[in-house]
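Have a look at the structure below before the remarks.
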Amino acid sequence: QTHSTSTALPLRGQSTEMMLGRYGGIEQALAGCGALKRWACGGGLSTAVVGGAPCGGGQLHQSDGATATAVRSTGTQAGTASLCRHGVARAAGVTGETVFEIDANRIKFGVNALREVGVAATHTFRMQRVALFTDTHIAQLPFFDTVLESLRAAGADVVVYDEVLVEPTDRSFESAIRFARETAADGFVSVGGGSVIDTCKAAQLYTGCPPPSGDFLEYVNAPIGGGAQPNVEHSPLRPHIACPTTAGTGSEVTGIAIFDLLAQHVKTGIATRAIRPSMAVIDPVVTDTLHPMVTACTGFDVLAHAIESFTAAPYTTKPPSESPYTRPLSQGSNPWADIGCLAAMRLIADNLEAAVTDPSNAEARYQMMFAAMLAGISFGNAGVHLPHAMSYAVAGLVDDYCPAGYPRPTGADAGHLRGLVPHGMAVVLNCPAAFRYTASACPEKHLQAAEALGADVIGVSLDDAGNVLAERMLALMRATGIPNGLAGVGYHEPNIPDLVAGTWPQQRLLQNSPKPVSQADLATVFGDAIQYWKE
């Protein structure tokens, strides 16, 4: 349950009715599956729902006209096996998971929301001594001062940590953890992009509930780390208010923290509900100062969150959880997450190019911020898959590439890293090739995603779903200055074995793919992602 979603809509004097229309038909999207008569986000691909709860009551829940003939990765035809879009086969009996959960934190959204951080910290969460996390660039910007002044005006004793590394490493996490231990704060506030928020999550976790073994890797995702879950009932974490300054990562609403593990030259992360921030304070004004390339990279991260979560293996294909406590954070696609994903895709299709190419277009940037929130909540419950899994190797093995708008890694915490492929860029460079590969597993959902991005799908064969979606993404990439495939950031055919080796440990993500992936498959997809268009 989202306890509080405060908004300052409508924006810039527009009527609420106008803004609902601008938000990609959210009023239609909320006319959800089963409870009403239509899975409203489906656009031209949706058909009427018979009725009843989502995927329930033994009824054939078929939201897409194409679903009846689509062949799933299991090789079973939906029409003959009575499968709904989430893989449920009630008549034949269900052996997989039957329950999905929706977790979300408290959210404030709207212009000047940052002015309310102090009251939230001291009154809602009873913080007295606050560890305020940011980076050296953001610490110089006016909206950081807004948060700092808000905290002090509310009576908080504030200690600032501004040494966060953009694209953090295990070393930079450990530096932040040491700071948090020494500070002995009773609450955390983060102001920044995903790197800042993720670093704050690590400091919150490792100071509030240290790993019993004392090994940093104990909480890191398996098989790279131990994959252990913190016992926060025994050692509760102190509250964390996350204030994102980019429209992209969604870290403010997820229980995931990503970093470079320097010793293994790979990106990995920590995934646990325990580190989902206590509150997200989302103020669209902060994106007004973003560099166009930062806007593009973070925007494509939002888009990848939405499409990957929408096309992920359905939650019903996962093994049933032994107990509610062991249900994974990334559960697979589900009816609730699909609504947010599709709404986010439509917002991105309408606003990403304008947000990147026209810095004065504040409304496009605000809409992207809202899309990031929607996609973040959705992927925090459904999970991403192949493009994100591949991105960790792309970012972790980079040589000396570094795009405009981003600082080159420096200092001891950066270790061997000399270059930087921003996370969103590392993801989207894989997307067209990856979606061409996964489309055969659930072509109707790939086609529905393409339609949400503005593709004309009338008369399009399901066999072409992957190509249609890939072409829409490529058009957006070219319009916003994203490099031409992996070659654009320094990777070529001889690098593919290393990229595959760096991706294979990301089993948490690979197992969420709608189509099984082998190492040979990864090599093929990486090869297809080297270059997309002729220069």
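In this structure, Ile307 and Met473 have side chains that are in contact, with non-hydrogen atoms separated by less than 4.5 Å. Annotation: side chain of Cys209 is in contact with side chain of Tyr219 (closest heavy-atom distance under 4.5 Å). Between Val384 and His305 there is a side-chain heavy-atom pair separated by less than 4.5 Å. Considering only heavy atoms from C-beta on, Leu499 stays 4.5 Å or farther from Met390 through its side chain. With a 4.5 Å cut-off on side-chain heavy atoms, Arg115 and Asp283 do not count as touching. Phe216 has its side chain within reach of Asp170: a pair of non-hydrogen atoms, C-beta onward, lies under 4.5 Å apart. The shortest distance between side-chain heavy atoms of Tyr315 and Val99 does not fall below 4.5 Å. Leu386 is listed as a side-chain neighbour of Tyr437, based on a closest heavy-atom distance under 4.5 Å.
Asn351 places a side-chain N or O within 3.5 Å of a backbone atom of Leu347 that can act as its donor or acceptor partner. The backbone N or O of Pro494 lies less than 3.5 Å from no partner atom in the side chain of His492, so there is not a single donor-acceptor pair. A donor-acceptor contact shorter than 3.5 Å links the side chain of Thr134 to the backbone of Val191. Using a distance-only test at 3.5 Å, with no hydrogens or angles considered, no donor-acceptor pair links the side chain of Ser513 to the main chain of Leu509. The closest donor-acceptor contact from the side chain of Arg408 to the backbone of Asp400 lies under 3.5 Å. Checking side-chain atoms of Arg129 against main-chain N and O of Asp157 turns up no donor-acceptor pair under 3.5 Å. Under a 3.5 Å cut-off, the side chain of Lys201 and the backbone N or O of Arg276 do not form any donor-acceptor pair. Ser172 places no side-chain N or O within donor-acceptor distance of the main-chain N or O of Pro168, the cut-off being under 3.5 Å. The backbone N or O of Ile258 lies less than 3.5 Å from a partner atom in the side chain of Asp198, making a donor-acceptor pair. A donor-acceptor pair is defined here as one N or O able to donate and one able to accept, closer than 3.5 Å; no such pair exists between the side chain of Asp215 and the backbone of Pro211.
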Tell me, with the steps shown, if Phe144 and Val160 meet side-chain contact (heavy atoms from CB on, under 4.5 Å).
CA-CA 11 Å; Phe144 177 78; Val160 176; 3.9 Å; yes
Could you give me the CA-CA distance, side-chain angles and deciding distance for Cys200 and Ile197, then say whether side-chain contact (heavy atoms from CB on, under 4.5 Å) is met?
CA-CA 5 Å; Cys200 192; Ile197 298 172; 5.7 Å; no
Using side-chain contact (heavy atoms from CB on, under 4.5 Å), reason through Phe100 and Asn381 one step at a time and then give a plain yes or no.
CA-CA 9 Å; Phe100 66 91; Asn381 290 280; over 6 Å; no
For the pair Glu218 and Val220, evaluate side-chain contact (heavy atoms from CB on, under 4.5 Å) and give the outcome as yes or no after the intermediate values.
CA-CA 6 Å; Glu218 185 170 343; Val220 174; over 6 Å; no
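The CD1 atom of Ile348 sits 9.0 Å away from the CG atom of Leu476 when rounded to the nearest 0.5 Å. To the nearest 0.5 angstrom, Thr287 atom OG1 is 12.0 Å from Ile282 atom CD1. To the nearest 0.5 Å, the span separating OG1 on Thr199 from CZ on Phe188 amounts to 12.0 Å. Expressed to the nearest 0.5 Å, how far CG of Leu352 lies from CD of Gln367 amounts to 12.5 Å. Interatomic distance, CG of Leu303 versus SG of Cys341, reported as 10.5 Å (0.5 Å rounding). Atoms CG and OG1, from Asp135 and Thr245 in turn, are 7.5 Å apart once rounded to the nearest 0.5 Å.
Side-chain atoms of Ser150 and Glu116 form no donor-acceptor pair, as typed in the model, at a separation below 3.5 Å. With hydrogens and angles left out, the side-chain atoms of Glu167 and Ser195 include no donor and acceptor closer than 3.5 Å. Defined by atom type and a distance below 3.5 Å, a donor-acceptor pair is present between the side-chain atoms of His240 and Ser190. Between the side chains of Thr124 and Arg106, not a single donor N or O lies within less than 3.5 Å of an accepting N or O.
Ring centroids of Phe526 and Tyr491 are separated by 6.0 Å or more, keeping the two rings apart. Taking the six-membered ring for Trp and the full ring otherwise, Phe259 and Tyr392 have centroids separated by 6.0 Å or more.
Applying the ring-ring contact (aromatic ring centres under 6.0 Å, His included) test to Tyr406 and every residue at least two apart in sequence or in another chain returns nothing.
More than 12 non-hydrogen atoms from other residues, nucleotides or ligands lie less than 6.0 angstrom from NE2 of His265.
Taking the six-membered ring where the residue is Trp, Phe435 and His385 present perpendicular rings, their angle passing 60° and hence far from 30°.
When all heavy atoms of Gly193 and Ile138 are compared, the pair lying nearest together is N-CD1, 4.2 Å. The shortest non-hydrogen separation linking Ala529 to Leu429 is CB-O, 3.7 Å. The nearest pair of heavy atoms linking Ile102 to Trp336 is CD1-CE3, 3.5 Å. The two atoms that bring Phe143 and Thr289 nearest to each other are CE2-OG1, 3.9 Å, heavy atoms only. Of all heavy-atom pairs spanning Ser175 and Arg178, the tightest one is OG-NH2, 3.1 Å. Ala449 and Phe310 get closest at one heavy-atom pair: N-CE2, 4.2 Å.
Exactly one of Ile377, Thr254, Val253 qualifies for a side chain to side chain contact (heavy atoms under 4.5 Å, CB included) with Asn105. That residue is Val253. Checking each of Glu308, His388, Gln331, Lys318 against Asn512 for a side chain to side chain donor-acceptor pair (under 3.5 Å) leaves exactly one that passes, namely Lys318.
For Lys267 and Asp260, the salt-bridge test passes: some basic side-chain N is under 4.0 Å from an acidic carboxylate O. Salt-bridge check for Glu322 with Arg327: failed, with every basic side-chain N at 4.0 Å or more from each acidic carboxylate O.
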